[in-house]
2 protein chains.
Amino acid sequence: MTTRVLLPWSDLSVPDAISASYYDGSGTPPEVDDVEFYVLPYDSGPEPPKLISAMPSLRVVQTLSAGYDNLVPLIRPGVQLANGRGLHDLSVAEHTLALVLAAQRDLPRWFEQQRTGRWSRAHTRSLADARVLLVGHGSIGQAIERYLRAGEAEVVPVARTARPGVHGIEDLPELLPSAEIVILVVPDTPRTRGLLGAAELALLPDDALVVNVGRGTAVDTAALTSEVTRGRLRTALDVLDPEPLPAGHPLWTAPGAIITPHVAGGSASFYPRARRLVEDQLTRFAEGRPLLNVVV
Amino acid sequence: MTTRVLLPWSDLSVPDAISASYYDGSGTPPEVDDVEFYVLPYDSGPEPPKLISAMPSLRVVQTLSAGYDNLVPLIRPGVQLANGRGLHDLSVAEHTLALVLAAQRDLPRWFEQQRTGRWSRAHTRSLADARVLLVGHGSIGQAIERYLRAGEAEVVPVARTARPGVHGIEDLPELLPSAEIVILVVPDTPRTRGLLGAAELALLPDDALVVNVGRGTAVDTAALTSEVTRGRLRTALDVLDPEPLPAGHPLWTAPGAIITPHVAGGSASFYPRARRLVEDQLTRFAEGRPLLNVVV
């Protein structure tokens, strides 16, 4: 008897004991009565998770996202849920560096000059030697830290609770006044909403850069907009609240603002890592060994 | 008897045995009859080097640039010339990463969308896992390599002559066809001029990224322009030939081109390192110890 798995890619290396069907999230899904292991297509909207309730033989749901809150209500007893923790780390870290370097090295200015064929030089800030407050020190935060240290930034990590070498979140007010750059990489929870509000932003030194690659709710958008539009702070945001920002919102065109449309996790570095994880999980499942990344 | 040094900064920490005057390259220089140690102001045009011939007591010229060819004819016997090797390494490496990440993570596209308040997402390329041909493996090339490796790129170094782990330049034709990214960080010499000509560029795979942060002459601009304007290759250039490009040159506005105005070396990370070098050199000079970075 072979295991039926439903996979998003038809060219994955699958163990002999496993028979596979394919569903990439578009069009009509195949028959799912026998599916025991369902790998959700990544970033494919609300339809794919709905299939879960139509799978009577289901034993495992594998999401390729790190976040899984939306799936928990769909997981009935006897079904394991495994997530994509770690898969996006490098992609998000890379995009974070892209944002920080673009801001510190004045790329928007040079791209603007390029549009009119203007050659005008100036010295810029740098990431090297800058004191960077890194708020969020999980798997993705640690990947960001490694990249920042390679760039010789001075990294000050902050996590929910203090541990050796890492400040607890209660230290934030005393750390903000000396931070040239703040990077937020925290999930959306009651404790992180509005983490950087008007009071916290006011503690930052003039010209500080606020970067958010976690969830938009961690920053008070109105307070940040006020500081950036009057030129006191700069910002680079891949996530926003609301997301997307409405047309005409002043942050879109503020000179000190860089906005990218929630693309930090979606790059070419993600798929090879996602496929390797799924191959490993299928082998474990076929061999009766524990799965990785089980969250429910 | 105290040593007279001519420095570009008035707030440097100077040894007791040394008396200092200041000249930052602008305005009228002070009296230079007694100057024994002259630290040229950085990136300040053709005037400061002319003072060298007016310094009868001169024993040391310290340039803060890595390049010094233009100064050699001015150095008479008995005078040492020390250069700024290493000072710009991190600044150039950082700008190189800024260019590569901007290209791979589609920053020009997002900045363009930002100008019209448009939110439209897409998956991008990445630097991670990309095979990067790094042509030039001196002090700056090695700094670039460290940064690239932190980003989990696959780095293939190429130098003038082969050594363990590093290809010689004669291997270039066999390495180009598998390079997703080529980074040039070579000086301008008879051997490097036109290193990437039409034939070499044609060997690169479709969609490859050509990055130049060394000297513009290493790339045949016309050949590169042809490949980029027809959309086969992409490019990110901090140096050009001619430099600057004339107004109206098609590379300015080609969608696959990023151009920055020779700013890789001039960032905030440079000055602390330059000042530390000069402080060290002055101490060595005052104590009669050998100087660093002596090139003539």
Side-chain angles (χ1 to χ4, degrees), chain A residues 43 90-91 93-95 97-102 104-108 110-130 146-147 149-152 240 243-249 252-253 257-264 266-273, chain B residues 43 90-91 93-95 97-102 104-108 110-130 146-147 149-152 240 243-249 252-253 257-264 266-273:
Chain A
D43 206 14
L90 191 52
S91 186
E94 187 178 276
H95 192 74
L97 258 288
L99 290 177
V100 172
L101 292 178
Q104 296 300 88
R105 299 306 291 251
D106 276 357
L107 294 193
W110 311 134
F111 291 3
E112 180 65 34
Q113 292 187 177
Q114 192 182 336
R115 287 174 44 239
T116 55
R118 182 164 166 252
W119 181 273
S120 175
R121 308 176 61 212
H123 278 220
T124 69
R125 304 169 187 85
S126 67
L127 168 63
D129 306 330
R146 284 190 294 275
Y147 224 145
R149 289 195 186 282
E152 296 191 25
L240 289 139
E243 184 174 304
L245 282 182
H249 191 287
W252 277 117
T253 49
I258 289 172
I259 294 174
T260 55
H262 203 151
V263 288
S267 77
S269 70
F270 166 70
Y271 285 103
R273 288 164 178 75
Chain B
D43 206 13
L90 191 54
S91 187
E94 186 178 277
H95 192 73
L97 257 289
L99 290 177
V100 172
L101 293 179
Q104 297 299 89
R105 300 305 292 251
D106 275 358
L107 293 192
W110 312 134
F111 291 2
E112 180 64 34
Q113 292 187 180
Q114 192 182 337
R115 286 174 46 239
T116 55
R118 182 164 167 251
W119 181 272
S120 175
R121 306 176 61 211
H123 278 219
T124 69
R125 305 170 187 84
S126 67
L127 168 63
D129 306 330
R146 284 191 294 275
Y147 224 145
R149 289 194 186 281
E152 296 192 25
L240 290 139
E243 183 173 305
L245 283 182
H249 192 287
W252 277 118
T253 49
I258 289 171
I259 295 174
T260 56
H262 204 150
V263 287
S267 76
S269 71
F270 165 71
Y271 285 103
R273 289 165 177 75

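The sequence lines fix the lettering, A, B, ..., with proteins before strands; numbering per chain opens at 1.
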Task: Test item: B/Phe111 and A/Glu112 side chains (from C-beta on) under 4.5 Å apart, heavy atoms - done: no

Task: chain A contact via B/Ala122 - which portion, at a heavy-atom distance below 4.5 Å - done: backbone

Open item on the list: Counting heavy-atom pairs closer than 4.5 Å to chain A, which one of B/Arg149, B/Gln113, B/Arg115 comes out on top?
Closed with: B/Arg115

Task: B/His249: partners by side chain to side chain contact (heavy atoms under 4.5 Å, CB included), with sequence neighbours left out - done: B/Thr221, B/Thr225, B/Leu245, B/Pro246, B/Leu251, B/Trp252

Open item on the list: Below 4.5 Å, heavy-atom pairs only: which of B/Thr253, B/Val100, B/Leu127 has the largest tally toward chain A?
Closed with: B/Leu127

Task: Nearest non-hydrogen partners of A/Leu240 and B/Trp119, listed with the distance - done: CD1-CZ3, 3.6 Å

- [ ] Please determine, among A/Gly117, A/Ala93, A/Pro261, A/Ser126, the option with the most heavy-atom pairs under 4.5 Å with chain B.
- [x] A/Pro261

- [ ] Could you look at B/Tyr147 and say if it's the side chain, the backbone, both or neither that has a heavy atom under 4.5 Å from chain A?
- [x] both

Task: Minimal non-hydrogen separation, B/Ala102 against A/Leu107, with atom names - done: CB-CD1, 3.7 Å

Task: Validation row, ring centre A/His123 to ring centre B/Phe270 under 6.0 Å - done: no

Task: With sequence neighbours excluded, residues passing side chain to side chain contact (heavy atoms under 4.5 Å, CB included) with A/Ser91 - done: A/Ser267, A/Ser269, B/Arg105

Open item on the list: Can you tell me which of A/Gly248, A/Pro108, A/Ala150 forms the most heavy-atom pairs within a distance under 4.5 Å of chain B?
Closed with: A/Pro108

Task: Heavy-atom closest contact (B/Leu90 atom, A/Gly151 atom, distance) - done: CD2-O, 4.2 Å

- [ ] Identify which part of B/Arg118 has an atom lying under 4.5 Å from any heavy atom of chain A, answering side chain, backbone, both or neither.
- [x] backbone

Task: Validation row: B/Ile259, A/Trp110 side chains within 4.5 angstrom (heavy atoms) - done: no

Task: Minimum side-chain heavy-atom gap A/Thr124-B/His95 below 4.5 Å - done: no

Open item on the list: For B/Asp106, which atoms come within 4.5 Å of any heavy atom of chain A: side chain, backbone, both, or neither?
Closed with: neither

Open item on the list: For a 4.5 angstrom cut-off between non-hydrogen side-chain atoms, does A/Leu97 reach B/Leu97?
Closed with: no

Task: A/Gln104 side-chain N/O to B/Ala268 backbone N/O, donor-acceptor pair under 3.5 Å - done: no

Open item on the list: If I compare all heavy atoms of B/Pro272 with all of A/Asp129, which pair ends up nearest, and what's the gap?
Closed with: CG-OD2, 4.2 Å

- [ ] Output the option from A/Glu94, A/Arg125, A/Glu152 having the highest count of non-hydrogen pairs under 4.5 Å with chain B.
- [x] A/Glu94

TODO: Under 4.5 Å heavy-atom distance to chain B, tell me which part of A/Glu243 shows up: side chain, backbone, both or neither.
DONE: side chain

